[in-house]
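What follows is one structure encoded as structure tokens, with my remarks underneath.
Only this structure's heavy atoms are used, side chains among them; waters, hydrogens and symmetry mates stay out.
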Amino acid sequence: MNSGTPERQLPVTERTRHRRLREQGSLDRDRLDAILAAGFVCHLGVDVEGTLMVVPTVYGTDGTTLYLHGSVAGRSMLASPAATVCVTVTHIDGLVLARSVFEHGVNYRSAMIFGTPRLVTDPDEKLAGLRCLTEHAAPGQWDYARRPSRKELAATALLALSLDEASVKIREGAPDDGTGPDAELGLWAGVLPLHTTWGELRPDPLLPNDVEAPAHLTRRVGTAAN
């Protein structure tokens, strides 16, 4: 699954080398970009004061850098500024239901990003990073809502992580036992797809009746979320 031009391929390192299920691995940078674009929640694996924690948080990307909202991780970065982290983003596309339980699986798209993040302290970059994060999750919301104040910026921890070292794996398609001995069992096999869509907007109960939802939110209703 190593498609893409050489200049758009991910470099292979000891941490990103595909050692198992290599056929599901990809070096295509475009696939990494697509996986990141399809979501906005990641899991950040980080050492916090000697305890390994996996923290769910929101992210945004500008194509070269992953910006992470990291209050807990931010404290860890201050204590150990050279600490390596692992960020994962996963989308589930369906259950692969085979003729035998052993061959069951999941269709998925997954990315792992490794590196040493830096705590963003420059006010201008922090503002730009938060804009990237906000627009990644809800395009149009940054220009619609009130911007962060200086006090709010000071209270917000933002991490910047390079996308230079990443690993991508994707599983697609039907079960793998259609040509084996279990094909004679006469059992149904196939894929149960999973689709996630945005639902109807739910106004704040305290919102005045004459305040309408902005177009950038109403047009997302009913569309695919990933």
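- From L161, atom CG reaches atom OG1 of T116 across 8.0 Å, with rounding to the nearest 0.5 Å.
- Defined by atom type and a distance below 3.5 Å, a donor-acceptor pair is missing between the side-chain atoms of T134 and Q141.
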For this session: Under the side-chain contact (heavy atoms from CB on, under 4.5 Å) rule, what do W198 and R219 come out as? Steps first, then yes or no, please.
Result: CA-CA 10 Å; W198 295 107; R219 61 172 165 257; over 6 Å; no
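- Connection of I170 to L32 is established within a shared hydrophobic cluster, with ILVMFWY side chains joined at heavy-atom distances below 4.5 Å, either directly or through further cluster members.
- Panel note: side chain S162, backbone T65; no donor-acceptor pair is recorded below 3.5 Å.
- Under a 4.0 Å N-O distance rule, the pair D176/R99 does not qualify as a salt bridge.
- Side-chain rings of H216 and Y144 approach one another, their centers coming within less than 6.0 Å.
- Judged by distance alone, with hydrogens and angles left aside, the side-chain atoms of E135 form a donor-acceptor pair with the main-chain N or O of G140 at under 3.5 Å.
- L127 and V58 fall within a single hydrophobic cluster, where Ile, Leu, Val, Met, Phe, Trp and Tyr are joined by side-chain heavy atoms under 4.5 Å apart, directly or via other members.
- We find that E152 and R146 are joined by a salt bridge, their nearest charged nitrogen and carboxylate oxygen being less than 4.0 Å apart.
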Problem set entry | Intermediate values then yes/no, salt bridge (charged side-chain N to carboxylate O under 4.0 Å, His left out), R118 and D122 | CA-CA 11 Å; R118 56 184 176 83; D122 178 77; over 6 Å; no
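- For the pair D93 and R109, the salt-bridge criterion is met [side-chain N within less than 4.0 Å of a carboxylate O].
- Judged by distance alone, with hydrogens and angles left aside, the side-chain atoms of D177 form no donor-acceptor pair with the main-chain N or O of G180 at under 3.5 Å.
- Looking at K169, its side chain never comes within 3.5 Å of a backbone N or O of S26 through a donor-acceptor pair.
- Aromatic pair Y59/H136: ring centres closer than 6.0 Å.
- With R147 contributing its side chain and W142 its backbone, the two residues share a donor-acceptor pair below 3.5 Å.
- In the hydrophobic clustering of ILVMFWY residues, with side-chain heavy atoms under 4.5 Å counting as a link, L159 and M112 come out apart.
- Both L192 and W188 are part of a single hydrophobic cluster, where members link through side-chain heavy atoms under 4.5 Å apart.
- Here D33 pairs with R8 in a salt bridge; the nearest charged N to carboxylate O distance falls below 4.0 Å.
- Of the possible polar contacts, none joining the N107 side chain to the V191 backbone as a donor-acceptor pair under 3.5 Å is found.
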